[in-house]
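Only one structure is covered here, and it is reproduced in the block below.
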Amino acid sequence: MDGPGPLPGPVAVPGLPTLDRPLVMGILNVTPDSFSDGGRWAEPGAAVEHGRRLLAEGADLLDVGGESTRPGATRPVVAEELDRVVPVIEALAAEGACLSVDTMRAEVADAALRAGARVVNDVSGGLADPEVLAVTAAYEAAYVAMHWRAHAATMAEHARYDDVVGEVRAELAERLAAACAAGIREDRVVLDPGIGFAKTAAHNWELLGDLPRLASLGRPLLLGVSRKTFLGALLAGPDEAPRPVGERDDATTALSALAAAAGAWCVRVHTVAPTLDAVRVGARWREAAR
Ligand code: PMM
């Protein structure tokens, strides 16, 4: 390993836990159609149960989402998204859970924050609905700005870069500036390169291989790689058929260890228990390599 690099050690984001390892964010998709777990927790009662399981495994926070962003997905109407996420957030917040809402809509962010969420995870970084930024600022909540170029239906057409790391970095810098201009305090903003969003597998790997360049924007980094298509492609069998979604967790866990060693602040995953071990290993490795 190449010395400490410019990534910070544990970073405090107000209102969220500060630990000596990356945070583990458990994924709670209350959707009929997410790519890996769509339909499994589509009903709020089942979603709350699953959330409790992820918390019992040790998740530091849960990311509750009501819109699938898988390539080609169509968007739910607002009322549908609200019906999916608000009861789940209310129930889990009442039990003391630290919750994030995965939404691109101001109306949903507002209702989720009112229901007790502490983080707005906006996969569009404020581009889909700029009002999300003002809503997040009004609640003094944390904000995850992910790199994004277009909605799921057309994002594959936007996977064009001359220098993927440089362009993602510059576009994230713009989203950070927009968030701050809307009144979100800079220390509440987390950045995410948006693995799999308007990116080919090669783009994803380039970004993962150059996290220090993204971290040089001065904000903590969140990574969402869990079970994604580029892992299916990497692990394809001799017949070149991608590894099925349900068989990508070991690779996801390996990446969580590497992300921790590279200084990521948080990893967003479907399986919490092995990820906790992985980020502990990665954080200890990073400490030893300093
Ligand atoms: N990926 C998905 C959904 N939300 N949020 C952030 N911040 N980063 C991501 O990479 C991300 C996200 C899509 O994955 P899923 O369908 O498994 O939830």
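Remember, it's 1-based here, ligands and their atoms both numbered in the order they're listed.
Checked by distance only, ligand 1 and I27 stay at 3.5 Å or farther apart across all their nitrogen or oxygen atoms. In terms of N/O distances under 3.5 Å, ligand 1 is not approached by T69. Of the N or O atoms in D192, one or more lie within a sub-3.5 Å distance of an N or O in ligand 1. Geometrically, ligand 1 and D102 share a nitrogen or oxygen pair separated by less than 3.5 Å.
Within a 6.0 Å radius of CG in D187, more than 12 heavy atoms belonging to other residues, nucleotides or ligands are found. At most 12 heavy atoms of other shown residues, nucleotides or ligands fall within 6.0 angstrom of atom CD in E107. Atom CZ of R53 sits in a crowded spot, with more than 12 heavy atoms from other residues, nucleotides or ligands closer than 6.0 Å.
Of all the atoms in ligand 1, the ones that sit under 4.0 Å from a non-hydrogen atom of H270 are 17 (O). Close approach to L222 involves these atoms of ligand 1, each under 4.0 Å from a residue heavy atom: 7 (N). Shown in contact with V123 at under 4.0 Å from a heavy atom are these atoms of ligand 1, numbered in order with element: 4 (N), 5 (N), 12 (C). Taking a cut-off of under 4.0 Å to the non-hydrogen atoms of N121, the atoms of ligand 1 that pass are 5 (N), 6 (C), 7 (N).
Between the side chains of Y143 and N121, not a single donor N or O lies within less than 3.5 Å of an accepting N or O. Side-chain contact of K199 with H147: a donor-acceptor pair under 3.5 Å is present, judged by distance alone. Between the side chains of T31 and E67, not a single donor N or O lies within less than 3.5 Å of an accepting N or O.
By the side chain to side chain contact (heavy atoms under 4.5 Å, CB included) test, P87 is found to be paired with P44, residues two or more places apart in sequence or in another chain being considered. Shown here are the side chain to side chain contact (heavy atoms under 4.5 Å, CB included) partners of A128, two or more places apart in sequence or in another chain: M104, S124, W148, H151.
Contact annotation for L223 and ligand 1: no heavy atom of the residue comes within less than 4.0 Å of the ligand. Contacts of N29 with ligand 1, taken as heavy-atom pairs under 4.0 Å, involve the side chain alone.
Not a single heavy atom of R227 sits under 4.0 Å from any atom of ligand 1.
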